[in-house]
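What follows is a structure written as structure tokens; I'll ask about it next.
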Amino acid sequence: MRGNAPWLKVQVRRKSDLGMNMTIASRHPAIVLLHGYPFDRSMWREQIDFLSTNGYRVAAPDLRGFGESVAQTSVCEPSEIDHRLKSVPLTTMDDMARDVAALMDELKIDQAVVGGLSMGGYVALEFAKLFPARLDGLVLAGTRAPADSEQERQARFQQVEQMFAKGMSGIAEASLPKLLAPRTLAEKPEVVARIREMILRSDPKGASAAQRGMAARRNYSDDLSSINVPTLVIVGRDDPIRPVADAEFMHDRIRNSRLEIIEDAAHMTNMEQPEIFNAALLNFLHDLV
Ligand code: MLT
């Protein structure tokens, strides 16, 4: 445990600091939203606005190494598999989950609904294992429980080498057709531009550290049956990165879960179809109280 994470930049919205509105907000659970890789907290803009307008307290941090949060080197030792990358920093999912708990301490949030997209989902699963008593609910979007195969790990290490050699631009162009559904690519140029810009402004060092951390992540499959908070699993119908089968796998094993499949969306469901994503989130949150 590293104590608090004073460098973790966070965007917090309250409905208002006026008494009446705070009373409304305090009836609702707090929500913590964790971004994917290689993005930052700005990916949750539509959810932060929507949830705070509906009276929820929302915290959306830039995870360690992303956005305005400074890249940190973990104390973890490099594994056998990635020995050639040992000079690259490593941020584990455990590091990020502990950062989230420290942030909640700082914000005086004892319990929250913790939601994450993709890498954010791995962090949410890690958080659920480490701090089950601090969870009011879970939202797992475009993510999966099993660890990487050896081939997937090697692909991550290649991407780390590419990021160090050439920066983020190659990754942005190669990723966009997988992150976004054909309809988003054709009809929502502003979403395409926002995602491209998020990737381009990512710090290669922070992104590499997280890539190594994802390669080293645990297999969460056996944890799923122990999750006993209400859980919303969300997936884009056209997601080639974390397809519907990954979402069904989690939904089948998490007792109190519901599954939302979003049409005309791939990996970035919350940005591609924000109204549908927000409606699913709000229904889920309403049913918690
Ligand atoms: C993400 O969007 O966070 C990544 O696709 C996660 C991953 O690479 O496994």
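Positions are given from 1, in the same order as the sequence printed here. Atoms within a ligand are numbered from 1 in the order they appear, just like the ligands themselves. Below, all heavy atoms of this structure are taken into account, side chains as well, without hydrogens, waters or symmetry copies.
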* Give a yes-or-no answer on whether the side chains of T92 and R98 include a donor-acceptor pair shorter than 3.5 Å. =>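 Result is no, nothing qualifies.
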
* To do: Using only heavy-atom distances, determine whether the side chains of D264 and Q273 contain a donor-acceptor pair under 3.5 Å.
  =>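 Judged by distance alone, the side chains do not pair up.
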
* To do: List the atom of P61, the atom of L34, and the distance in Å for their closest heavy-atom pair.
  =>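 Heavy-atom minimum between the residues: CG-CD2, 3.9 Å.
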
* To do: Examine distances only and state if a side-chain atom of N54 and a backbone atom of F50 form a donor-acceptor pair shorter than 3.5 Å.
  =>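 Yes, N54 side chain to F50 backbone: donor-acceptor pair under 3.5 Å.
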
Starting from the N and O atoms of ligand 1, collect every protein N/O partner closer than 3.5 Å and put each pair on its own line with the distance to 0.1 Å.
| residue | atom | partner | partner atom | Å |
| --- | --- | --- | --- | --- |
| ligand 1 | 2 (O) | Y37 | O | 3.3 |
| ligand 1 | 2 (O) | S118 | OG | 3.0 |
| ligand 1 | 2 (O) | H267 | NE2 | 2.8 |
| ligand 1 | 3 (O) | Y37 | N | 2.7 |
| ligand 1 | 3 (O) | S118 | OG | 3.1 |
| ligand 1 | 3 (O) | M119 | N | 2.8 |
| ligand 1 | 5 (O) | S118 | OG | 3.3 |
| ligand 1 | 5 (O) | H267 | NE2 | 3.4 |
| ligand 1 | 8 (O) | R156 | NH1 | 2.9 |
| ligand 1 | 9 (O) | Y122 | OH | 2.5 |
| ligand 1 | 9 (O) | R156 | NH2 | 2.8 |
| ligand 1 | 9 (O) | R242 | NH2 | 2.9 |

* May I ask you to decide if the ring planes of F66 and H35 are parallel, tilted or perpendicular, using 30° and 60° as cut-offs? =>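 F66 and H35: perpendicular rings.
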
* Flag, side chain of E272 to backbone of A181, donor-acceptor distance under 3.5 Å ->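 Side chain of E272 to backbone of A181, a donor-acceptor pair under 3.5 Å: yes, one is there.
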
